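Contents: one structure, followed by commentary.
Note that the coordinates shown come from a computational prediction; the quantities given were computed from them, not determined experimentally. Whatever order the structure lists ligands and atoms in, that order sets their numbers, starting from 1.
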Amino acid sequence: MLKLGVNIDHVATLRQARYRGQPGGEPDPVTAALLCEAAGAHGITAHLREDRRHIIDNDVHRLRRAIRTRLNLEMANVPEMVEIALDVHPEIVCLVPERRDEISTEGGLDAAGAILALTETCLRLNNAGIEVSLFIGPEPRQVEAAAQIGAQFIELHTGNFAEHFEQTAERNREIERLVAAATLANQFGLRVNAGHGLNVRNVPLLHVVPHMVELNIGHTLVSRAIQTGLAAAVREMLDVMKGYIG
Ligand code: PXP
């Protein structure tokens, strides 16, 4: 069965828009994570960015204590984050590229261009019992590099596929690249996750991609939650306003 890892970063983005620098605040990513688990999600993903723009350190520690499924900590391969991962001890770390000017992770990791640094981090995390996944584009040389580095998983970047969903030729070409990359990864003994830009319209087209273990999905779930939950939130507010008699 294909598993669902829910990325809760955008819950934290919304909280930071109002409560940055303050304790607590809503919406709480840990509460959201527990709701996702109760609904059947198989894991929770959180990206602790170097600039702490959404998930903050305290969220990661609270998630570690609260969730009952698997914690997938997304992070850049930098010493500060490696130390945090060794301290928090998520089940899995997904190494991603990070640029400060991007809104969310845009491209895949250049694993082929950073073999030594990634191998060292992979070894340190593995020695601590933490599995490692590399977020890469569906390119054979990046899959080969992931195998050489000794990662347990790759996460295939589905952003190009999602962006070209309406352009059939480009979309189909991207699906072929995902199929080829997943096939190659499997031949190398790598397990395969995928994510970025996925939603209920485009996920069914990915059913042809073999060997996938888990999809990591965030933005669409938080978006759908707002659209399906806003009416209830308005009713709740109108209810408490009813007491006004001035
Ligand atoms: N996987 C990785 C590695 C990500 O960085 C992200 C968020 O950018 C996702 C999956 C989830 O993408 P989305 O929020 O578009 O579903």
Side-chain angles (χ1 to χ4, degrees), residues 2-16 27 29 32-33 36 41-55 59-60 63 70-78 81 85 90-111 118 121 125 131-139 142-143 146 151-165 174 178 181-182 185 190-206 209 212-227:
L2 188 56
K3 293 181 184 165
L4 171 63
V6 178
N7 181 316
I8 51 153
D9 296 348
H10 290 296
V11 177
T13 302
L14 198 53
R15 177 196 59 195
Q16 297 306 82
C36 294
H42 302 93
I44 301 297
T45 297
H47 183 175
L48 185 65
R49 297 185 76 104
E50 288 182 86
D51 62 9
R52 312 303 201 264
R53 74 171 68 155
H54 39 55
I55 294 291
D59 294 330
V60 177
L63 281 168
R70 282 161 60 85
L71 179 61
N72 173 18
L73 180 63
E74 252 186 57
M75 59 182 225
N77 183 26
V78 294
M81 290 299 154
E91 276 75 17
I92 181 163
V93 159
C94 181
L95 294 171
V96 299
E98 215 172 275
R99 285 207 331 264
R100 276 176 188 257
D101 55 347
E102 68 191 359
I103 293 170
S104 73
T105 314
E106 279 164 12
L109 205 56
D110 180 15
L118 289 168
T121 298
L125 294 171
E131 291 189 301
V132 173
S133 176
L134 303 180
F135 185 52
I136 57 172
E139 298 159 34
Q142 300 297 354
V143 177
Q152 285 69 50
F153 282 86
I154 54 166
E155 178 170 330
L156 289 173
H157 194 318
T158 51
N160 255 337
F161 155 74
E163 271 165 41
H164 293 100
F165 184 71
E174 200 56 27
L178 290 163
L190 290 158
R191 283 172 283 160
V192 180
N193 295 334
H196 201 96
L198 299 180
N199 57 39
V200 289
R201 286 183 70 214
N202 60 27
V203 162
L205 273 92
L206 290 187
V209 179
M212 288 198 299
V213 176
E214 183 168 288
L215 299 180
N216 279 314
I217 302 183
H219 186 272
T220 191
L221 297 173
V222 176
S223 307
R224 293 280 306 141
I226 290 172
Q227 292 189 16

Quiz item: Are any of the N or O atoms of H219 closer than 3.5 Å to those of ligand 1?
Solution: yes
Quiz item: Charged N to carboxylate O below 4.0 Å: is that the case for E214 and R70?
Solution: no
Quiz item: Does N7 reach ligand 1, in the sense of a heavy atom lying below 4.0 Å from it?
Solution: yes
Exercise. Look only at the side chain of R191 and the backbone of A185, and say whether a donor-acceptor pair between them is shorter than 3.5 Å.
Key: no
Quiz item: Can you list the ligand 1 atoms lying under 4.0 Å from a non-hydrogen atom of I217?
Solution: 16 (O)
Quiz item: What pairs with H219 under ring-ring contact (aromatic ring centres under 6.0 Å, His included), at least two apart in sequence or on another chain?
Solution: H10
Self-check item: Geometric N/O contact G218 with ligand 1, under 3.5 angstrom
Solution: yes
Quiz prompt | Proximity to ligand 1 by part of E74, non-hydrogen separation under 4.0 Å | solution = side chain
Quiz item: D110 and Q142: side-chain donor and acceptor closer than 3.5 Å?
Solution: yes
Self-check item: Subset of ligand 1 atoms that lie under 4.0 Å from at least one heavy atom of N216
Solution: 10 (C), 11 (C)
Quiz prompt | Sub-3.5 Å N/O-N/O distance, G197 and ligand 1 | solution = yes
Practice problem: Using the test salt bridge (charged side-chain N to carboxylate O under 4.0 Å, His left out), find all partners of R52 that sit at least two apart in sequence or belong to another chain. | Solution: D57, E80
Quiz item: What residue among V60, L73, L125 forms side-chain contact (heavy atoms from CB on, under 4.5 Å) with P90?
Solution: L73
Exercise. Check each heavy atom of E155 against ligand 1 and say whether those closer than 4.0 Å belong to the side chain, the backbone, both or neither.
Key: side chain
